[in-house]
Structures are given as C-alpha cells and as structure tokens.
2 protein chains.
Amino acid sequence: MPNIRLVGTMTPAVEDYLKTIFLLSTRGEAVTTSALARELHVSSPSVSAMMKRLSDGRLVERETGVHLTAQGEREALRVVRRHRLLETFLARVLGMPWDEVHVEAELLEHALSERLEARIDAALGHPTRDPHGDPIPPAAGAHDESWGRSLAGTPAGSRFRVERVSDRDSDALRYLGEKGVRPGVVLEVGEQEPYGGSCRVLLGGEPLALGQVLTHLVFGTVVEGDA
Amino acid sequence: MPNIRLVGTMTPAVEDYLKTIFLLSTRGEAVTTSALARELHVSSPSVSAMMKRLSDGRLVERETGVHLTAQGEREALRVVRRHRLLETFLARVLGMPWDEVHVEAELLEHALSERLEARIDAALGHPTRDPHGDPIPPAAGAHDESWGRSLAGTPAGSRFRVERVSDRDSDALRYLGEKGVRPGVVLEVGEQEPYGGSCRVLLGGEPLALGQVLTHLVFGTVVEGDA
DNA sequence: GCCGGATGTTAGGCACGTCTAATTCATCCG
DNA sequence: CGGATGAATTAGACGTGCCTAACATCCGGC
C-alpha cells in the first residue's frame, strides 16, 4: 500500500512555485513554463520537472499553460498570507522600509510556523493589507486579489486613489516612497507627456512627474470630486 | 583555477552541525560521531559524511573527536547569536512563552539576513542574554559561554542566584517558568532528599520541591548573605 | 588472549532541486 | 512550402543530505 502523494509535498521550492503560479495568474499573465522560469530564475527544464511533480501531487493541472487545483490554491494562499503578514510585521514592528520587506519576507516565509503566524497576526490586529496595499489572505475564507486599475492610462483630470504599489521593483518602490506615493494617498492626474514621457500628477498639491515605469507599478481607483 | 572551498559552504544543515558541535563543547561533553547523531537526530553515517565535508572546508578538525577551527567557531557563533536574538525577540516582542521560543528560533535562525539581525538587535537594545539566561554572542568580539554551577549538588543553606535554565527540555522549562524559577531569582537551597528525591528550596519565601531532572537544568552562582 | 559491544566508517541508494545539451513541436515569415 | 525561431520536454548529470547494511576497529572483561 504505497503512499498516494508522491513523497514529501510542501518543500520551500514547492511553495515558491505555487506562490509564483498564483501571483502570475492574478496579474493576468499566462502561466507558462518560460514565464515561471523567468520569475523564479531557474531553467525551463527545472520548471518542467517541478510541474510534473506538482501535477502528480494534484496541486496543478496542465492544459493550456498551468493552473492551480483547489488544493494548490489553498497552499499558495497560505504562503502568500505568511509572506504578506511578515512584510506587515517587519514594516510596522521593526520599522523596516517598504522596499526592503519583500526580500526579507521571501527568506522567512518558508520558516514560519502556524503558531508564530497566529501570534504575529494577533499582534498586528489581524491586518488585511500589507505595506504595499496587497491584500492579506485570511487564515480561512475567501480572498480577493483584484488589482484595480493602473495609474498608467488613467485620464488627465481624474482624482486617483492609490491602493496598491507593486513590490516587484525595489528601487522604484523606494523612490515612490520618498515621493510620498503610497496606499491611501490621492493623486490628481495631469498630463501624460507624449512619446514615453512622464505623467504629471499633483500629490497634496505638490507637482510630481512619474515616469512610465512608475505609473505601471501604481494601482488604485478613480474617485469622485474634482481637483 | 578551481575553487578552493569544496562547493557551497553554510547550508542550513552545515549551520546545525556547527552549532551543535559548539554547544556540545561548551557543555563539556565529548564531541563524537555518535553524540552528534544523537543530538541532531540523524544516523552515524550521516554525521561521518558531514564531518568529511566540514573537515575539507576547514571548519572542523578531527583528532580525538571533533573540534571547531577558528573559522568554524566564528560561523557557529553567528548561528548561536541569531538563535538567541530570535528567542529574545519572540519572548519580548511577541510575548511567546520561554518554553516555545527555542523551537521557533530553530526554524527561523537559518533564514535571518544580516540586515534583519541588526534591526532586531537594535530594537531589543543590544541584549546580552536570551530568555533562558544564555549569553548572546556579540556580532564581533569575544564570547563567554560558561555555565556557572548546577543547582544539583549545591549544598543546603546556600543562597543560589539562578543565571541560566537549560532550554533542552521544553516541558520542564514550562514547569519551572510556572513556578517562578527564571534567571535573576534567588533560591534558598534546602535539603536534598536522599535516593533521588527532590531538592527543597525557598523561592521568595515560598517552599518548592525540585526533582532531580529540574535541578540539573538550573545553573547559577552561590551568593553571599544568609537566609 | 579472545570475544562482545560500542563506535565509526565505507558502500550503495534515494529524494530533491538544479543544471546543460539535445530533441520535439508549433508557428511565423519569406 | 520550407526554414528559422521559440517554447517545451527528454536525457543525463551533479551536489546536498539523508538512509540502511555491512565492515572495521577498539576496548574492556572474563
């Protein structure tokens, strides 16, 4: 009577793959072998081999690209929850700047016990957003990972409330933080200068020019009321 | 021009071995293959293989038993420092009971970056003792790991100040914590009941009976002044 | 002096996670 | 249509860290 699940599931590597599949999906990108290889900084054959393992373990299914099974998504959400709780903790309790918390959380997320996770969650008052505005999946129950609209392409004249800032580019994140662009602030969107130029915005009345790289990292909603 | 050091040093496993060698040494126990196998819950051949690797990497030397080279001890102290800083942090900041912090720190100690270590150290005000009274090795400089004397064998009539309580037995630790036996308290040592009986002590005037297992876990010094 | 137990090593094997090189396959373009 | 291009897989290998089984060695007691 050999074991059903092919040896030991949920290693750090498995967690990283599941998390990355989940995040690629919610960003609306195709979850392909090469996309995963790019994101995880491994070779394509490594991804192929891991997809075989995850597929055998009923954590993913493979049709066009890859997608998580219900169980795979559960596990992915557990990792994302730990990651974002840790980011929140590092920022709020240790005062770590928001452009540093991501890489630290990447290291710690695989070593966080349920007991400690629960204690951190309680100490923070059960937060629902991490420092970048990313929603923290609840320990149990539904999770909404929607991104809102990008600041890029938001028409001039809009009032735009920042809700999330992507943590993918640490340098850009630090720059935006220095300029005061963080979840909760409202931008008055001005001209988009043509041919790849800056987007002019007002932040608390102060003018600010945001390059294209930056406007594609800022997400939120258009709010009522004019400038 | 091939690499001098034999492939990738300082994996989590290597850190665990170095830490265990260090702690066995400072407890005055012989650092043998079988002792390491017992402590690390691995087989003797696993230890043999790892000793080969550590020896090739100039982290240990093998004569009678095993002992750390200067570099091996440096690395071991780095791990012990991270471990004890984490224990202190978990206890002080998250209110985790002292019988739980050890296992959590075991998980986290391999995932702690220097940056986060420094931040935790600063947030705690550069502590020198962890919750069990174990000294925290400084980031640089000499370290004293001496244990003082054991409560077991301390003569009746002594006033004994507790300095360290071994974290090896988590249940015993919880029990001692409930009874108020922790670093800093002074015990008035009473009768040692014969044939493996309890040691009678007074703690803040209250009588307390400590079984042999417990008295061997409590370390400190005899202080002046009578009961 | 020899036998038995403890201690330690060698031999061989395996899961994990990665790599490079070669292959397959589809697609797109000329 | 046919070749280049890119995506994905297969094949083969390697380091890490663990295991069991077998062998070696040493030491104490009878």
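Sequence lines set the chain letters: A, B, ... in the order given, protein chains first and strands last, and positions in each chain run from 1. Just so you know, these numbers come straight off a predicted model, no measurement behind them.
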Name the nucleic acid region contacted by A:Ser34, choosing base, sugar-phosphate or nothing; use a 4.0 angstrom heavy-atom cut-off, strictly under.
sugar-phosphate
If you check every side-chain atom of A:Thr32, which of D:dA8, C:dG8, D:dC18 has the closest atom?
D:dA8
Please tell me whether B:His83 and B:Asp130 have a donor and an acceptor in their side chains that are separated by less than 3.5 angstrom.
no
Please determine if a side-chain N or O atom of A:Ser44 lies less than 4.0 Å away from the OP1 or OP2 oxygen of D:dA8.
no
Rounded to whole Å, the CG-P distance (A:Leu54 to D:dT9) equals 12 Å
Does A:Tyr17 make a side-chain N or O approach to OP1 or OP2 of C:dC16 shorter than 4.0 Å?
no
I want to check one thing: is the phosphate of C:dT18, taken as OP1 and OP2, less than 4.0 Å away from some side-chain N or O of A:Ser46?
no
Report which part of the nucleic acid A:Thr33 touches: base, sugar-phosphate, or nothing (heavy-atom distance under 4.0 Å, all strands).
sugar-phosphate
Please check this pair: side chain of A:Arg164 against backbone of A:Ser146, looking for a donor-acceptor N/O pair closer than 3.5 Å.
yes
Measure up the A:Trp98 and A:His132 rings against each other and bin them: parallel (under 30°), tilted (30 to 60°), perpendicular (over 60°).
parallel
Whole-Å distance between C:dT7 P and B:Met51 CE?
17 Å
Provide, to the nearest angstrom, the distance between the CG atom belonging to A:Leu36 and the P atom belonging to D:dA7.
13 Å
Without decimals, in angstroms, what is the distance between A:Met50 CE and D:dT10 C1'?
18 Å
Could you please name the option among D:dC18, C:dT18, C:dT9 that lies closest to any side-chain atom of B:Val42?
D:dC18
Of A:Asp169, A:Asp99, A:Asp167, which meets salt bridge (charged side-chain N to carboxylate O under 4.0 Å, His left out) against A:Arg174?
A:Asp99
Has B:Glu39 got a side-chain atom pairing as donor or acceptor with B:Leu24's backbone, closer than 3.5 angstrom?
no
Would you say C:dG8 has OP1 or OP2 under 4.0 Å from some side-chain N or O of B:Ser48?
no
Give the rounded distance in Å between these two atoms: NE2 of A:His41 and C1' of C:dC19.
16 Å
Quick note, B:Pro45 side chain, CB onward, closest among C:dC19, D:dC19, C:dT18 is D:dC19
What's the NZ-C1' distance between B:Lys52 and C:dT10, to the nearest Å?
12 Å
Please check the phosphate of C:dT9 (OP1 and OP2 only) for any side-chain N or O of B:Arg62 closer than 4.0 Å.
yes
Atom-pair distance (CG on A:Asp16; P on C:dC16), nearest Å:
16 Å
